[in-house]
Every structure is written in C-alpha cells, then in structure tokens.
Amino acid sequence: MASVPMSGGLPGVFMNSGTSSFADFLGAYRPEMLPGSRVVQGGAERLNIPHATTIVAVTFPGGVIMAGDRRATAGNVIAQRDIEKVFPADEYSAVAIAGTAGIGLEMTRLFQVELEHYEKMEGRLLSLEGKANRLATLIRGNLGMAMQGLVVVPLFAGYDLERGVGRIFSYDAAGGRYEEHEYHSIGSGSVFAKGALKKLWRPDLSREDAALVCVQALYDAADDDSATGGPDLTRGIFPVLAEITDEGYRRVPDGDVGGLARAVVEARHDAPGGPNAPLR
C-alpha cells in the first residue's frame, strides 16, 4: 500500500481513521509481520521448536479460572521449566496457548493489541462473543503455518458483562470456535486433566475450590503426560492461575498457588490417585 510520510515521520496510513481491527490494518500495511505469513522451508518437522502443553479452565458462580503448567518441550527434551502460557487478553478476559510456543506468544500479543485497538477506535469494550470471534480470525490466519506443522490452539475465557457469568471458548487449528460449558482443557495432557475436571467440578464451586480443582487437574495431567510439568517444589515453580470476575482479570499470586500446590502434593502421599468427588 502506497503511503505519504507525514511531517512527524509516520506514513499517512497511520493518520487515517480506518478499521477497528488492528490485524486487518497490519495485513493491509505490512502483511509480512502477521504470525501466519511465514513459510517454513522443508517443513516444521526439521525444526526442534519448543511446544507449550496443558491448559485448564473452570467456571464457578461469578467467574472463571484459567490455569496452565509451566513446562515447554522440544521433542523429548524439557526446553523450559518456567514458561508462562496464561495471559490477560484485556481487562475482562484471558487467553492461554498450547502448541508451538513462539507463534502462540506472538499471536497472543497480536490479540492483546487487537482488543486494545478496538477499544480506542470504538470507545468501548468489545463484547465477549466479539473477542472470541476476533481470536478465531487470528487463528484462521495461521492455517498455512498449521499445515506446515506449526500449530497453535489457544483457549479463551472471560467474564461476560452482559450475562454476568464466566464463559470458556475453545478452537481448532482452522479457527473453528466452540463454547465449552463448566470446564475444559487443551494440550497434550488434556485427556488426563479432563478426567480430573469431570470428577471434581460442581456448579457451586467457590473461587478457592475452583482454583484447587485446576491444580488437581494439572497434577493429574503431569502424572501421566511427560510433556506437562507438575509442581516443582525444589525450584518453587508452580502453575500460573488467573481468575476473571466482574472485578476484572487477576493473576493469583504465586505464593497462594504455591500453597495450593504443596497441599495437593502432600495429600497425594496418602491418596496418589487424587481426591474422590466431590472435592469437599
């Protein structure tokens, strides 16, 4: 796109009132900067790229909690022990990544800017449904990379200001969007985490018990999936937990998560298979 530099040094395109989608703007001005615009020569199987693994989300009356383990793997090697996979998307939502870590982190940053750009252009927050749809569009734009093996499948959750409830959205690699109810998990350890979630979730969970259910589910995932990292008491590395309510996004302090993780590990000494349902 041709543009005329302004006196301040910015191209004229930056001064025009255009689309409320930053991704559309970037695609028109500098499409090569979008995450899905690259080509992997020879295929992704030749690259030993770190992958993020297991994410869980649990609803409770008044909101939703999202949690992720801290391990990234490259083949059979632990590439990083303390990677973060759960991020604020905006004030009332969170996004977490599973799959190719580098592209997932880049897509997350683009999604954050997308929502901020919309708010500045329109003067209001995008609805939770609208946010979920915008993320689906970004994932669809990465389809070419996914076909080369660089797959990113985020999980999105937030507090719906119109309905007054927490909601969870999952996606496929082609950008298909699906609303999940009660709880959900993605990543390599998700089949094991879902078993724990199914056993422990109940509709009247307190905020504290919802957080404990997330830690229990991630522990079960790590117990059976080598790509999922369990609580590392020696290094003090624990899952990242974030809660989203009508008060907004809040990351649960590491000290509080560490207390939950230590309690879970201690209880597993007596019951290695975890607690029976219900949680309490």
Side-chain angles (χ1 to χ4, degrees), residues 52-73 78 80-88 94 96-98 155 157 159 166 168 180 182-245 247-280:
T53 48
T54 307
I55 305 294
V56 299
V58 171
T59 60
F60 63 93
V64 60
I65 288 185
M66 182 179 283
D69 80 302
R70 304 293 297 276
R71 178 174 293 177
T73 58
I78 297 175
Q80 189 172 347
R81 300 180 187 276
D82 60 352
I83 187 174
E84 298 207 6
K85 310 170 189 177
V86 180
F87 307 93
I97 58 168
L155 188 64
Y159 184 80
I168 303 169
E180 308 294 342
E182 301 171 353
Y183 55 82
H184 193 63
S185 179
I186 62 171
S188 62
S190 61
V191 63
F192 309 110
K194 282 182 182 177
L197 295 174
K198 183 177 182 180
K199 178 177 67 171
L200 299 177
W201 185 88
R202 65 176 193 267
D204 61 342
L205 282 174
S206 67
R207 184 182 308 194
E208 294 74 17
D209 281 350
L212 183 56
V213 166
C214 288
V215 176
Q216 293 279 10
L218 288 175
Y219 188 100
D220 281 346
D223 200 32
D224 288 296
D225 173 46
S226 62
T228 303
D232 191 333
L233 303 184
T234 302
R235 297 181 176 87
I237 300 173
F238 307 109
V240 172
L241 268 71
E243 60 183 37
I244 310 99
T245 66
E247 299 175 351
Y249 175 98
R250 171 182 173 268
R251 173 168 168 158
V252 180
D254 290 344
D256 293 348
V257 180
L260 290 175
R262 290 187 177 91
V264 168
V265 171
E266 183 66 27
R268 294 292 177 118
H269 291 164
D270 298 324
N276 297 321
L279 187 62
R280 295 186 189 279

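Predicted model, so just to flag it, every value in this text is computed and none were measured.
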Novice: If you compare all heavy atoms of Ala193 against all heavy atoms of Val56, which two are closest, and at what distance to 0.1 Å?
Specialist: CB-CG1, 3.8 Å

Novice: Return the NE2 to CD1 distance between His184 and Ile168, rounded to the nearest 0.5 Å.
Specialist: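 Rounded to the nearest 0.5 Å, the NE2-CD1 separation comes to 8.5 Å.
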
Novice: Is there a donor-acceptor pair under 3.5 Å between the side chain of Thr54 and the backbone N or O of Gly189?
Specialist: yes

Novice: Begin from the C-alpha positions of Phe60 and Val213 and carry the test side chain to side chain contact (heavy atoms under 4.5 Å, CB included) through to its verdict.
Specialist: CA-CA 11 Å; Phe60 63 93; Val213 166; over 6 Å; no

Novice: Taking all atoms of both residues into account, what is the closest heavy-atom pair of Pro239 and Val257, and its distance?
Specialist: O-CG1, 3.2 Å

Novice: Can you check side chain to side chain contact (heavy atoms under 4.5 Å, CB included) on Glu266 and Asp270, steps first, answer last?
Specialist: CA-CA 8 Å; Glu266 183 66 27; Asp270 298 324; 5.9 Å; no

Novice: Judged by atom type as modelled, is there a donor-acceptor pair below 3.5 Å linking the side chain of Arg70 to the main-chain atoms of Ile83?
Specialist: yes

Novice: What pair of heavy atoms forms the shortest contact from Thr228 to Ser188, and how long is it?
Specialist: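 Thr228 and Ser188 have their closest heavy atoms at OG1-OG, 4.0 Å.
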
Novice: For a quick test of reading the model, state the closest non-hydrogen atom pair linking Met66 to Ala96 and the distance between them.
Specialist: SD-CB, 3.4 Å

Novice: Looking at CZ of Arg71 and CD of Gln80, how far apart are the two atoms once the value is rounded to the nearest 0.5 Å?
Specialist: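 These two atoms lie 12.0 Å from each other.
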
Novice: Just how far is it from atom CG of Leu241 to atom CZ of Arg251, taken to the nearest 0.5 Å?
Specialist: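 Atom-to-atom, Leu241:CG and Arg251:CZ are 9.0 Å apart.
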
Novice: Might you point out which heavy atoms bring Leu197 and Ala217 nearest each other, and give the distance in Å?
Specialist: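 Taking Leu197 first and Ala217 second, the nearest heavy atoms are CD2-CB, 3.7 Å.
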
Novice: Looking only at heavy atoms, what is the nearest atom pair of Tyr159 and Gly62, with distance?
Specialist: CE1-O, 3.5 Å

Novice: When you compare the side chain of Arg81 with that of Ile78, does any pair of heavy atoms fall below 4.5 Å?
Specialist: yes

Novice: Carefully, step by step, assess Tyr183 and Leu200 under the rule side chain to side chain contact (heavy atoms under 4.5 Å, CB included).
Specialist: CA-CA 10 Å; Tyr183 55 82; Leu200 299 177; over 6 Å; no

Novice: The test is salt bridge (Lys or Arg N to Asp or Glu O under 4.0 Å); show your working for Asp209 and Arg202 and say whether it passes.
Specialist: CA-CA 10 Å; Asp209 281 350; Arg202 65 176 193 267; 3.5 Å; yes

Novice: Can you tell me how far the CZ atom of Phe87 sits from the OH atom of Tyr249, to the nearest 0.5 Å?
Specialist: 8.5 Å

Novice: Side-chain contact, heavy-atom cut-off 4.5 Å: Thr245 with Arg207?
Specialist: yes

Novice: Can you list every pair that meets salt bridge (Lys or Arg N to Asp or Glu O under 4.0 Å) and has a residue in residues 217-228, with sequence neighbours left out?
Specialist: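 Listed by first then second residue: Asp220-Arg268.
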
Novice: Kindly determine whether Phe238 and Leu233 satisfy side chain to side chain contact (heavy atoms under 4.5 Å, CB included), including the steps that lead there.
Specialist: CA-CA 8 Å; Phe238 307 109; Leu233 303 184; 3.6 Å; yes

Novice: Report the distance from atom CD1 of Ile65 to atom CZ of Arg250, rounding to the nearest 0.5 Å.
Specialist: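 Ile65 atom CD1 to Arg250 atom CZ measures 9.0 Å (nearest 0.5 Å).
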
Novice: Are the side chains of Pro231 and Arg262 in contact, using a 4.5 Å heavy-atom criterion?
Specialist: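 No. Closest side-chain heavy atoms not under 4.5 Å.
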
Novice: So, the side chain of Trp201 versus the backbone of Thr59: is there a donor-acceptor pair under 3.5 Å, distance only?
Specialist: yes

Novice: With sequence neighbours left out, what residues match Thr53 under side chain to side chain donor-acceptor pair (under 3.5 Å)?
Specialist: Asp69, Lys85

Novice: In Å and rounded to the nearest 0.5 Å, what is the CG to CD1 distance from Leu218 to Ile55?
Specialist: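 One gets 7.5 Å once the value is rounded to the nearest 0.5 Å.
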
Novice: Tell me if a side-chain donor or acceptor on Lys199 pairs with a main-chain N or O of Pro275 at a distance below 3.5 Å.
Specialist: yes

